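In this text the structure is predicted, and so the values were computed from the model without any measurement. Reminder, nothing fancy here: chain letters follow the sequence lines and each chain counts from 1.
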Amino acid sequence: MAKKKNSNILKVKIIGCGGIGCCLLDPLCRYLNYSEYPNIEVSLIDGDTYEERNKERQIFQVAGPKATITAERLRQDFQRLNFWDHPVYLGEHNQITMLRDGDIIFSCVDNHKTRKLISDRAEELDNVVVISGGNDFEDGNVQVHIKENGQDITLPIANKYHPEIVNPTDKNPGDYDEERMGCQEMAAVTPQLLIMNNIIAAHMLSTFYGVLKKYHEKKPTDFSEWYIDIRDGQSKSRSRI
Amino acid sequence: MAQKQAGGFANKKKSESNIVGSTPNEVLSAQEAIQKLDQAASGQIKVIHGSADGVFDNLVGVQVSTVRNSLVNAFNIPADATCFINGEQVSEDYVLQASQVCEFVKKSGIKG
């Protein structure tokens with residue numbers, strides 16, 4: 001990537017264009033398109049492919065690589081944004097080029113191995129915001145990691161409260177060979193609720209808004225994790241030390 | 001090697017002034033601050049799981065395992081939730097002390 005002097009570009013990376021990603025992308029891009037930020041890049045990173053069976057929870061008109069199909073659709077509606085599509089899985093081989101200093105990263109992935117990868121990469125950077133969402137069937141959580149000038153303002157995603165992310169036992173989809181499973185095959189084993197994807201995406205967007213607002217107001221962010229339970233109708237943010 | 005950029009994130013157009021809070025380190029609302037002070041004064045223990053939480057008068061001297069079993073249904077505490085006292089992980093036989101915060105942390109949502 002060409003070096004840019006005096007660049008003032010808001011760089012947003014969305015990893016995962018599945019259930020949560022689809023719910024998040026349209027309102028996020030609409031917000032950014034009409035925001036005051038002068039230059040905005042939106043990068044979509046996902047190695048999976050849309051299939052007809054994904055339509056239960058995901059937005060697309062034609063089948064194909066999720067990142068590419070989604071970027072093409074969003075370019076039509078949000079012409080002020082610069083979209084980059086990366087139809088690849090995030091992995092050890094490309095994380096350094098994909099995730100860079102100054103990025104705002106939305107993690108919408110479906111496995112802890114990739115969350116760990118993103119968290120570790122974020123710890124190598126001096127300035128980064130990672131907003132990570134994940135859900136089970138009727139509950140879920142959003143974590144935010146803010147790092148500024150080399151200092152952790154909030155905890156990394158892989159932290160002592162989440163050993164399942166520190167030491168993931170699942171696999172990055174990019175690690176699969178002949179055994180690769182797409183979203184639908186995994187859904188047969190682990191079903192998801194579109195409504196839960198939507199709630200998590202909404203909380204990720206709220207977190208994004210809150211983080212940026214407080215950043216510009218030079219106020220500290222006072223929470224790093226948000227729990228949502230739709231069975232009990234509860235949503236609560238928590239600080240972490 | 002990644003090219004390091006200047007610190008911070010892209011700035012908006014300079015059409016609005018920065019608003020500085022009166023207390024840069026303020027992280028609690030007034031109500032939360034009062035509750036925290038009351039809790040500390042009374043020796044109450046706060047128990048948290050996910051979006052559920054409560055403050056209890058009668059948990060001093062009680063083991064974590066007892067608290068877990070008592071609130072498993074009310075707070076939907078899964079069996080594999082780990083317990084943290086004031087941010088430090090503890091075992092099930094840990095005995096709660098006054099004014100502590102006992103949080104059962106469930107595993108992060110995995111799907112997306």
| task | Sort H162(A) into side chain, backbone, both or neither according to what part of it lies under 4.5 angstrom from a heavy atom of chain B. | result |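 Side chain only.
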| message | Less than 4.5 Å to any heavy atom of chain B: does that hold for the side chain of E225(A), its backbone, both, or neither? | response |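 Neither part.
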| said: Using 0.5 Å steps for rounding, measure from the CG atom of N135(A) to the NZ atom of K111(B). | reply: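 The CG atom of N135(A) sits 7.0 Å away from the NZ atom of K111(B).
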| So, for S51(B) and S235(A), which heavy atoms are closest and what is the spacing to 0.1 Å? |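 So the two residues come closest at CB-N, 4.0 Å.
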Between [options], which has the largest tally of heavy atom pairs under 4.5 Å with chain B?
options	result
K236(A), K214(A), E164(A)	E164(A)
I157(A), D229(A), I228(A), N141(A)	N141(A)
N197(A), I165(A), I20(A), D139(A)	I20(A)

| query | Around atom CZ of F137(A), are there more than 12 heavy atoms of other residues, nucleotides or ligands at under 6.0 Å? | reply |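 Correct, the count exceeds 12.
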| query | In this structure, are over 12 heavy atoms from other groups packed under 6.0 Å from L194(A) atom CG? | reply |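 Correct, the count exceeds 12.
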| Which residues pass the side-chain contact (heavy atoms from CB on, under 4.5 Å) test with Q89(B), sequence neighbours left out? |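 Q89(B): side-chain contact (heavy atoms from CB on, under 4.5 Å) contacts with T82(B), F84(B).
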| Counterpart residues, side-chain contact (heavy atoms from CB on, under 4.5 Å), relative to F56(B) (two or more places apart) |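 If we apply the side-chain contact (heavy atoms from CB on, under 4.5 Å) test to F56(B), skipping adjacent residues, the hits are V47(B), N58(B), L59(B), L71(B), F75(B).
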| request: Please collect all side-chain hydrogen bond (donor to acceptor under 3.5 Å, both in side chains) contacts where either partner lies in residues 69-81 of chain B, sequence neighbours excluded, each pair once. | output: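 Qualifying pairs: D232(A)-N76(B).
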| Where along residues 102-110 of chain B does a heavy atom come under 4.5 Å of chain A, listed by residue number? |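 Residues in range: E103(B), V105(B), K106(B), K107(B), S108(B), G109(B), I110(B).
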